[in-house]
Amino acid sequence: MEVALVESPDIGTVGVGEGSTPRLKIFFDTIGVEEAEWMPRCNATYKNGISFVGWSTRPGYEHYFHPFASQVDQHTKTAFYFNTHARRHGIDVHAHPDRFFLTARLSANRQGPKPDESFPFVMDYGYHFDAGLVGEFLKEKALQRGATYIPARVVNVNLEANGDIESLVTDADEKIEADFFIDCSGFSGTLIQKFLKVPFVSYGENLFNDSAVVLPTEQEAKIGSQTVSTALSFGWAWQIPLTHRIGNGYVYSSSFCDADDAEKELRQYLGLLDSDVEARHLKMKVGRVERHWERNCLALGLSQGFIEPLEATALNIVCNTIYDFIATVDSDGIAGAGRDGFNARVNEGFEMVRDYIVAHYILNTREDSDYWRQNAANTQVPERLQQILQIWKSGQGLAPEMERLQIQSSYTAMSWACLLSGYGFFPEARDVQGGEQVAGQVDMNDIDEFIRRCALNFRSQNELLRFDA
Ligand SMILES: Cc1cc2nc3c(=O)[nH]c(=O)nc-3n(C[C@H](O)[C@H](O)[C@H](O)COP(=O)(O)OP(=O)(O)OC[C@H]3O[C@@H](n4cnc5c(N)ncnc54)[C@H](O)[C@@H]3O)c2cc1C
């Protein structure tokens, strides 16, 4: 098979997107690239998960950590479910997620997720990286492995009578023919949206954010090992630690806040009001195309859609799309026999992520702007999310009920429970009668001790990043 990468030398990449899920590790493993090779080239760091700050105002629940689930969590997860279950039934036990998860402790200590060899559990983790450098790195790898590179802007396409793409037309009026085309043209969706005219389904009714402003700050001496997502007045700000800088951005809704005010608020939050570091402003198109594989074209990345970056899921969706596409073509061929099923699965993948993201907004308890009040009052709640909230409120076991009702989600019951308990989404507490232990409850001191001992097996992010040490 011959592969050519056609890229416009003057359009440039979107330049943001610095956080990943553990899926990216699987991707690098699949293409046979070691961390020691790609991470230093891309200023990459290890990621334990994401801290959410200021989304809930309930006392004791002003922040929480969303971990990447790992084998070691099996030892504390039951206690976590037990306590959150009891707390949902109005019993005043400890139910904030952070004390139950090793990676919350590692993140607080700025330790990375890779243990010493003697640690008996497998850890799943993500990365932070410079998106532009990862793009360059992968381009170089592709060229080394036989792809060719055509620097050119696609300005038109020629279609066959049946609607397939016959060839691309460049700004130098050259024709590039191929059997199959992959549209990675970013938000413009040059092939899939502009020329093949696949409609775009907006998620605007439940996700209000459509803009971002981005500013770098200097790295701290001790490099962090988590993304921090802090709610601001009209959206939220990310902080992503790379080896050479911290990436920061404010994702907001332009219906509630203009670009100048957003930049000012981000600068204020970062202590950069008097700094002349330049900010970059971006527009985001939130939603997805109706069909990701149309005729002889597959859309990947921002051209296929984007759910705002709150849980850093875009590359996760890209990876899922790639793996599903390969499996579909392997079983049903490239002509399109498996296309409808594939498109339905990718759409469902988008919707499953969307529903988890929407939960962050509708459950917020902030009162400081119309933005937050309208998010909390939004009645456009997707059905799957309604079902999950209903299970949680009813006090039934979340994991068994999700299984019984066959609620598919790309987030596990553990992730949902972290979000819901991390927001303090519980009935009012009442004291346990006579202050007795609830039968079956694990002593929190034992959990603290287990996690303290586990954490002894992990090194600091700074140490982990010395690949030659
Ligand atoms: C604010 C924000 C934050 C994000 N955060 C995350 C995150 O934390 N984690 C995550 O996984 N993702 C995140 N993303 C998404 C992430 O940016 C993308 O998944 C990733 O960068 C891939 O982008 P892409 O290749 O689809 O598009 P782009 O980076 O825009 O690349 C498009 C490419 O197509 C080329 N091109 C465009 N039009 C033409 C044409 N007509 N002819 C020839 N070439 C053309 C361009 O030159 C460019 O090389 C974020 C996105 C935004 C907007």
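Since the structure is predicted, the reported quantities are computational estimates derived from the model, not experimental observations. Atom set for the values below is all heavy atoms of this structure, side chains included, hydrogens, waters and symmetry mates excluded. Whatever order the structure lists them in is the order used to number ligands and atoms, beginning at 1.
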Protein contact of atom 48 (C) of ligand 1 - nearest heavy atom, named by residue and atom, plus distance:
G12 O, 3.4 Å

Identify the heavy atoms of T328 and F342 that sit nearest to each other, and give their distance.
OG1-CD1, 3.9 Å

Closest by any non-hydrogen atom to atom 29 (O) of ligand 1: pick that one out of I150, V14, L5, L310.
V14

Near R153, which atoms of ligand 1 are under 4.0 Å from a heavy atom of that residue?
42 (N), 43 (C)

Does the ring centre of Y46 sit less than 6.0 Å away from the ring centre of Y125?
yes

Got the closest protein heavy atom to atom 38 (N) of ligand 1, with its distance?
I11 CD1, 3.3 Å

Where's the contact between S20 and ligand 1, heavy-atom distance under 4.0 Å: side chain, backbone, both or neither?
neither

Looking only at protein heavy atoms, what sits closest to atom 11 (O) of ligand 1 is L315 N, 2.9 Å

If you take the centroid of each ring, where Trp contributes its six-membered ring, are F80 and F100 closer together than 6.0 Å?
yes

Could you tell me the residue and atom name of the protein heavy atom closest to atom 12 (N) of ligand 1, and the distance to it rounded to 0.1 Å?
A314 CB, 3.2 Å

Give a yes/no verdict on a cation-pi contact between K285 and F200, requiring under 6.0 Å between NZ or CZ and the six-membered ring centre and an angle within 45° of the axis.
yes

As an exercise, state the distance from CG of L138 to CH2 of W38, rounded to the nearest 0.5 Å.
9.0 Å

Picking from T190, L191, V169, what satisfies side-chain contact (heavy atoms from CB on, under 4.5 Å) with V157?
L191

Among all protein heavy atoms, pick out the one at the shortest distance from atom 8 (O) of ligand 1; state its residue, atom name and that distance to 0.1 Å.
G19 N, 3.3 Å

Do any N/O atoms on L302 end up under 3.5 angstrom from N/O atoms on ligand 1?
yes

Ligand 1 atoms in contact with E7 (distance to a heavy atom under 4.0 Å):
44 (N), 47 (O), 49 (O)

Would the H96 and Y61 ring centres measure less than 6.0 Å apart?
yes

Between ligand 1 and V16, can you find any atom pair, the residue atom being a heavy atom, that is separated by under 4.0 Å?
yes

Stepwise ring pair (Phe, Tyr, Trp, His ring centres under 6.0 Å) test for W293 and F325:
CA-CA 9 Å; W293 178 3; F325 181 72; 5.0 Å; yes

Would you say atom 33 (C) of ligand 1 touches the protein, meaning some protein heavy atom is under 4.0 Å from it?
yes

Note: ligand 1 atoms sitting under 4.0 Å from heavy atoms of W238 are 1 (C)

Assert yes or no for the condition that the ring centre distance of F52 to H360 is strictly below 6.0 Å.
yes

Which of the numbered atoms in ligand 1 are under 4.0 angstrom from any heavy atom belonging to P309?
2 (C), 3 (C), 4 (C), 5 (N), 6 (C)

Which bit of T190 is near ligand 1, meaning a heavy atom under 4.0 Å away: side chain, backbone, both or neither?
side chain

Residue among D179, D183, D164 satisfying salt bridge (charged side-chain N to carboxylate O under 4.0 Å, His left out) with R295:
D164

Suppose we measure from atom 27 (O) of ligand 1 to each protein heavy atom; which comes out shortest, and what is that distance?
G186 CA, 3.4 Å

Would you say A131 touches ligand 1, if touching means a heavy atom closer than 4.0 Å?
no

Applying side chain to side chain donor-acceptor pair (under 3.5 Å) between Y361 and each of N209, N375, N378, report the one that passes.
N209

So which heavy atom on P216 is nearest to which on R245, and how close?
CB-CD, 3.8 Å

Answer yes or no for R288 and F350: cation-pi contact, defined as NZ/CZ to six-membered ring centre under 6.0 Å and angle to ring axis within 45°.
no

For atom 51 (C) of ligand 1, what's the nearest protein heavy-atom neighbour? Residue, atom name and distance, please.
F306 CZ, 3.2 Å

Pull out every atom of ligand 1 sitting under 4.0 Å from any heavy atom of E18, numbered as shown with elements.
7 (C), 8 (O)

Under 4.0 Å from ligand 1, counting heavy atoms only, is it the side chain of S185, its backbone, both or neither?
both

Tell me, please: is P9 in heavy-atom contact with ligand 1, that is, under 4.0 Å?
no

Please identify which atoms of ligand 1 are closer than 4.0 Å to at least one heavy atom of G301.
26 (O)

For atom 41 (N) of ligand 1, the protein heavy atom that lies nearest, with its residue and separation
V154 O, 3.1 Å

Determine, using ring centers only, whether Y356 and H66 are less than 6.0 Å apart.
yes

